Amino acid sequence: MKKILQDLSYQELEELTLSLGEKKFRAKQLYDGIMQGKTIDGISSLSKAFKERLKELYENEPIKIKETYYSSDGTEKYLFEFADGNLVEGVLMKYKYGYTQCVSTQVGCRMGCKFCASTLNGLIRNLSAGEILSQILLVNALHKSDVKEGAGKDGRAVTNIVLMGSGEPLDNYDEVIKFMRLLTAEGGVCISARNVSLSTCGIVPKMYRLADEGFPLNLTVSLHATDDVDRERVMPIAKAYKIPEILKACDYYFKKTGRRYYFEYTLIAGENCDEEHAKSLIKLLKGKPCHVNLIRLNEVKERDLKALDDKSAYRFLGVLERGGLSATLRRQIGADIGGACGQLRASYMEKKSD
Ligand code: SAH
């Protein structure tokens, strides 16, 4: 597989430009073109000869949108295809304050969570920093015309990122950190770390490393249980890292970054959402600088886990709130366009193999 220009920082692009015998100002044109989501061929300010040289060394079009699905609530889902034919999915959620894009960090995943479709076939490969970034570049380009309506600052439609697509971000640590540098670079996509949420199943040593990087991003931990025995049933990673260790790492994160942290708690009927569980959750988290996001389970047909009904979900939320926790039940959006969490890719692959 050829290299991709999206992996390079501005400085590296400048070095590349000079090494190919081009003037320095061409690097700026190249960088701007990349940040606008263009292919090498599509950057009209560059000479044909320069573009040909670039294409010998780099992929012309490292990513494309294979399919787009539109929900009646405005949410969009994309199936992205990389140069090697691998697929990941992404979601764009439109809010009043801007657009939030859900981005993938790996093709597949090796964490094995029982409720998640991304992990059904294990990990295929890591995405590079540039491949993670290119998902956003493409969606910004797609929604260029929305910017006029005030969706984004700095001429970009996407204002917020959640690293909650396929993959475990902390299992692809170096590329994810590099992605954060590319994302927050001046003159680039202009999304600050404060507008990025990184969701992890709780790889404790990497959580400490992340705290030390100094990015003020929103750390989100997938908890989904209130004790380790229950957690191990749905999340194999719980065998390696226990809840008390995770909570300690979260507190370290808060100490280092001053940012409160988040927990995701997917409500699985008969598994983790009785009143007793709510009470245990309160005991576990009360007084901590955290917020709990309750998620409705998107039922994955390969698994027999069931979603909790809405009334019980609100009752669970009520118990948490009365117990003094800051909590919300995440609005279900885009449900009419194929669930979430790897289900789109899985169903596409299945269709293809029929
Ligand atoms: N690997 C990261 C990112 C995963 S996706 C992590 O584990 O946090 C983001 C969230 O969606 C996680 O909390 C994940 O557990 C949850 N999730 C995965 N599949 C789901 C499903 N079918 N229904 C509801 N939530 C799901």
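Both counts, for ligands and for their atoms, begin at 1 and track the order of listing. This one's a predicted model, so the numbers in the text were calculated from it and none came from an experiment. Index from 1, following the sequence.
- Taking the ring centroids of Phe115 and His224, they lie under the 6.0 Å cut-off.
- For Asp41, the side chain to side chain donor-acceptor pair (under 3.5 Å) partners are Lys55, Asn60, not counting sequence neighbours.
- Within a 6.0 Å sphere centred on NZ of Lys239, other residues, nucleotides and ligands contribute more than 12 heavy atoms.
- Listed by number with element, the atoms of ligand 1 under 4.0 Å from a non-hydrogen atom of Val300 are 22 (N).
- Of all the listed residues (Cys201, Pro169, Ser104, Gly165), Gly165 holds the heavy atom that lies closest to atom 4 (C) of ligand 1.
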Yes or no on salt bridge (charged side-chain N to carboxylate O under 4.0 Å, His left out) for Arg181 and Glu213, after CA distance, side-chain angles and deciding distance? CA-CA 11 Å; Arg181 295 214 178 88; Glu213 301 282 350; 3.6 Å; yes
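- Here is the list of ligand 1 atoms found below 4.0 Å of a heavy atom in Arg296: 24 (C).
- Distances shorter than 4.0 angstrom occur between a heavy atom of Gly167 and an atom of ligand 1.
- Separating the OG1 atom in Thr105 from the CG atom in Leu198 is a distance of 8.0 Å, to the nearest 0.5 Å.
- Considering backbone and side-chain atoms alike, Cys116 places every N or O at 3.5 Å or more from each N or O of ligand 1.
- Residue His224 touches ligand 1 through its side chain alone, judged by heavy-atom distances below 4.0 Å.
- Checking Met164, Gln106, Arg303 against atom 9 (C) of ligand 1, the nearest heavy atom belongs to Met164.
- Rounding to the nearest 0.5 Å places CZ of Phe179 at 5.5 Å from CG of Leu163.
- Under the salt bridge (Lys or Arg N to Asp or Glu O under 4.0 Å) rule, Glu131 has a single partner from Lys3, Arg125, Lys178, which is Arg125.
- Interface of Glu168 with ligand 1, defined as ligand atoms under 4.0 Å from a residue heavy atom, comprises 1 (N), 2 (C), 6 (C), 7 (O).
- Atom numbering of ligand 1 starts at 1 in the shown order; those under 4.0 Å from a heavy atom of Thr266 are 24 (C), 25 (N).
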